[in-house]
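As structure tokens, the structure follows; a few thoughts come after it.
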Amino acid sequence: MAWKEFRFVRDGKAALVWKIEQNGDTYRTQHGQLDGAMQEYSDTPGSKGLTDSAAFITPIYNCTFHVSREIRKKTENGYIEYENGKPLTEQIDGIDFDKPLPKCFCSYKPQTSITDVALAKLHKDKRDRYSRKYDGCCHVLVHHTYGWEVYTRRMDETTSRFPKLIGQLNELKQFGKGTIIVGELMCLKPDGTDDFKAISRFCRSIPEESRRLVKHGDIHEPIFVMFDTLFHNGRDLKNKTYDDRSKLLKTLPPLQSVIDYEIATADKPFYKNEFRIVSVDYYDLTPDTWEAFAKEAGWEGFVVTDGLAKSGNKFYSFSGKAKRPKGCHKLKPEFTEDCVVFAASQGTGKRLGRVGALWIKQIDPNTGKFVSYGKVGSGFTDEDIDFFSEKVKELDVPFIKNEREASKIDMENNYDLVIEIKYSERQEDTNKFRFPVFLRLRTDKGPKECVANI
DNA sequence: TTCGGACTGG
DNA sequence: TGCGACGTGA
DNA sequence: TCACGTCGCACCAGTCCGAA
């Protein structure tokens, strides 16, 4: 079968090329820059469902499904199909407020970290601005020529979930047509910490169900916390400084000012009024104080931004992927703990035939017994993967696929395999790690020393 | 009723 | 959400 | 040589949907 070719043209840089070819039950992709070296990957998805059942899908049919899904993904990220070096359609590179935003539009994101040196310099120059980082769902508000619309981060139009929000947006005269605002949709617990579960449930349910959840009081009406303005009254703000842009946000009350903890009860909202559009909270912090402050409050962390930074071409993109401009960084407290490996999962793709992830357990301090706290698959180098693939073979560590198989394993049987991981927090009910990352092997520690810090 | 795949969001 | 691998170009 | 950009692979929790 012939290759299908797609390209993504960039300003002042070589175009990106992506090709895909299906051969029976296997497909290959190639990617790289135009006229540059290409990297190749291939996959054989295999069949799906039980043989002889109505749902059985042949390997070839399943492969075709995977291929069309890959093509859809690339198309949604702004790639255009090419034939004989000619584009079949036109690539999107601007915003038309008469139309819905394209799927490939994407706002910038903060960089995942900042070095101590860089942060110290920002502070010394008095350019560091600290805003709280929220744990909600990122959304984009757009004032089209035909009114306000709400979009998810992936540019799915979701306005019908937010009748109240739209009504309130229409009263904000400072944001005219041709405005794009990015922010976080939030639910709060009575103690003021972020309720990610609640907002997640609201955003994932079908719109009618979302509204029903609010009506029945299962979830409070979400609040929208603005953290930046990309376009204002038709003007692109990519060459404005952060301080300039934040003047717009400061025309709204910050989140903290609309909450009254005194009136909060388990089932009663604790907002001072009905208004659900606020600005981020700014804090007067320093490189030495932010971490303790965040841990004490139980918050995700902060975003530190250079007040004089301009984002330029990294302000937004039409590639479906967030750019990370200079001068905007996350500050997240980090936690590390030791865990015992009790099983492994088979890898796929480039980890095929090797270990994909390690299942980890710790001693629950309340019962003194070992409990599974999930698995870790990130943070491994290629050498680490080779090392652990050998090690699990040597120690005869079982391979398992899911939690059900994990529950059949005798947790009190220990392999002498202790690793240190870092994570951002533990999940609320299960105490499993959220975003676990492998750090290093601990040969100096024994299984009995791995007690969960909960 | 239960389970797994597809998908999304972090 | 996280990370590492890889190719490219300053 | 190193920074940057892109890609691919891994995590947990949740909803929806269809099949067993």
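What you see is a predicted model, and the numbers here were worked out from it, not measured in a lab.
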Taking A:N402 for its side chain and A:R404 for its backbone only, find out whether a donor-acceptor pair lies under 3.5 Å.
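Judged by distance alone, yes, a pair lies under 3.5 Å.
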Ignoring hydrogens and angles, write down the donor-acceptor pairs under 3.5 Å from the side chains of residues 388-401 of chain A, residues two or more places apart or on other chains.
{"unit_1": "A:S389", "atom_1": "OG", "unit_2": "A:V355", "atom_2": "N", "d": "3.1"}
{"unit_1": "A:S389", "atom_1": "OG", "unit_2": "A:I385", "atom_2": "O", "d": "2.7"}

Which part of the nucleic acid, if any, lies within reach of [X] when heavy atoms closer than 4.0 Å are counted: base, sugar-phosphate only, or nothing?
{"X": "A:G136", "answer": "sugar-phosphate"}
{"X": "A:R404", "answer": "sugar-phosphate"}
{"X": "A:K133", "answer": "nothing"}
{"X": "A:R10", "answer": "sugar-phosphate"}
{"X": "A:Y79", "answer": "sugar-phosphate"}
{"X": "A:C203", "answer": "nothing"}
{"X": "A:K109", "answer": "sugar-phosphate"}

Evaluate A:Y316 against A:F105 for ring-ring contact (aromatic ring centres under 6.0 Å, His included), listing each step before the verdict.
CA-CA 7 Å; A:Y316 52 84; A:F105 179 78; 5.7 Å; yes
Closest-nucleotide ordering on DNA chain B, the 5'-leading residue of A:H139 and A:N62:
A:N62
Nearest nucleotide by nearest heavy atom, which residue falls closer to the 5' end of DNA chain B, A:N402 or A:F196?
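Taking each residue's closest nucleotide, the earlier one in sequence belongs to A:N402.
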Donor-acceptor side-chain pairing of A:E70 and A:T29 below 3.5 angstrom:
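No, no side-chain donor-acceptor contact under 3.5 Å.
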Pairing donors with acceptors under 3.5 angstrom, does anything connect the side chains of A:R161 and A:T158?
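A pair is found: one side chain offers a donor N or O, the other an acceptor, under 3.5 Å apart.
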Measure from [atom1] on [X] to [atom2] on [N] and round the result to the nearest Å.
{"X": "A:I206", "N": "D:dC17", "atom1": "CD1", "atom2": "P", "value": "7 Å"}
{"X": "A:I421", "N": "C:dT1", "atom1": "CD1", "atom2": "P", "value": "18 Å"}
{"X": "A:F380", "N": "C:dA5", "atom1": "CZ", "atom2": "P", "value": "13 Å"}
{"X": "A:D135", "N": "C:dG2", "atom1": "CG", "atom2": "P", "value": "11 Å"}
{"X": "A:R201", "N": "D:dT15", "atom1": "CZ", "atom2": "P", "value": "6 Å"}
{"X": "A:R204", "N": "D:dT15", "atom1": "CZ", "atom2": "P", "value": "8 Å"}
{"X": "A:K74", "N": "D:dT6", "atom1": "NZ", "atom2": "P", "value": "11 Å"}
{"X": "A:H329", "N": "C:dG2", "atom1": "NE2", "atom2": "P", "value": "14 Å"}

Is it the case that the ring center of A:Y283 lies less than 6.0 angstrom away from the ring center of A:Y130?
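So the answer is no for these two rings.
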Please produce a list of atom pairs where a protein N or O lies less than 3.5 Å from an N or O of nucleotides 2-4 of chain D.
{"unit_1": "D:dC4", "atom_1": "OP1", "unit_2": "A:K326", "atom_2": "NZ", "d": "3.4"}

Polar atom pairs (N or O), protein with nucleotides 10-12 of chain D, under 3.5 Å:
{"unit_1": "D:dA10", "atom_1": "OP1", "unit_2": "A:T348", "atom_2": "N", "d": "3.1"}
{"unit_1": "D:dA10", "atom_1": "OP2", "unit_2": "A:T348", "atom_2": "OG1", "d": "2.4"}
{"unit_1": "D:dC11", "atom_1": "OP1", "unit_2": "A:K375", "atom_2": "NZ", "d": "3.1"}
{"unit_1": "D:dC11", "atom_1": "O3'", "unit_2": "A:K375", "atom_2": "O", "d": "3.2"}
{"unit_1": "D:dC12", "atom_1": "OP1", "unit_2": "A:K375", "atom_2": "N", "d": "3.1"}

Quick one: does NZ or CZ of [X] land under 6.0 Å from the six-membered ring centre of [Y], within 45 degrees of the ring axis?
{"X": "A:R434", "Y": "A:F196", "value": "yes"}
{"X": "A:K74", "Y": "A:Y79", "value": "yes"}
{"X": "A:R7", "Y": "A:Y82", "value": "yes"}
{"X": "A:R276", "Y": "A:Y271", "value": "yes"}

Ion pair A:D156/A:K103, N-O distance below 4.0 Å:
yes
Does A:K321 have a side-chain nitrogen or oxygen under 4.0 Å from the phosphate oxygens OP1 or OP2 of D:dG5?
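No, because none of the side-chain N or O atoms of A:K321 sits under 4.0 Å from OP1 or OP2 of D:dG5.
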Exercise answer: donor-acceptor pairs, residues 319-327 of chain A side-chain atoms, under 3.5 Å, sequence neighbours excluded:
{"unit_1": "A:S319", "atom_1": "OG", "unit_2": "A:S317", "atom_2": "OG", "d": "3.2"}
{"unit_1": "A:S319", "atom_1": "OG", "unit_2": "A:K321", "atom_2": "N", "d": "3.4"}
{"unit_1": "A:R324", "atom_1": "NH1", "unit_2": "A:P110", "atom_2": "O", "d": "2.7"}

I'd like a table of atom pairs between the protein and nucleotides 6-10 of chain C - only N or O on both sides, under 3.5 Å - with the distance next to each one.
{"unit_1": "C:dT8", "atom_1": "OP1", "unit_2": "A:A37", "atom_2": "N", "d": "2.5"}

Is there a side-chain contact between A:F8 and A:Q91, using heavy atoms and a 4.5 Å cut-off?
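The answer is yes, as the side chains (C-beta and beyond) meet within the 4.5 Å cut-off.
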For A:K323 and A:S200, find the nucleotide of DNA chain D closest to each by heavy atoms; which residue's nucleotide sits nearer the 5' end?
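Its nearest nucleotide being more 5', the pick is A:K323.
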A:R324 has a side chain; which of C:dT1, D:dT6, D:dA13 sits nearest to it?
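Of all the options, the side chain of A:R324 is nearest to C:dT1.
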Going through the distances and angles, do A:W148 and A:H143 end up as a ring-ring contact (aromatic ring centres under 6.0 Å, His included)?
CA-CA 4 Å; A:W148 285 96; A:H143 198 170; 4.4 Å; yes
Parallel, tilted or perpendicular: which one describes the rings of A:Y108 and A:F315, with boundaries at 30° and 60°?
parallel
Give the first and the last nucleotide of DNA chain B, reading 5' to 3', that has any atom under 4.0 Å from a heavy atom of chain A.
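Boundary nucleotides touching chain A, in 5' to 3' order, are B:dG4 to B:dG10.
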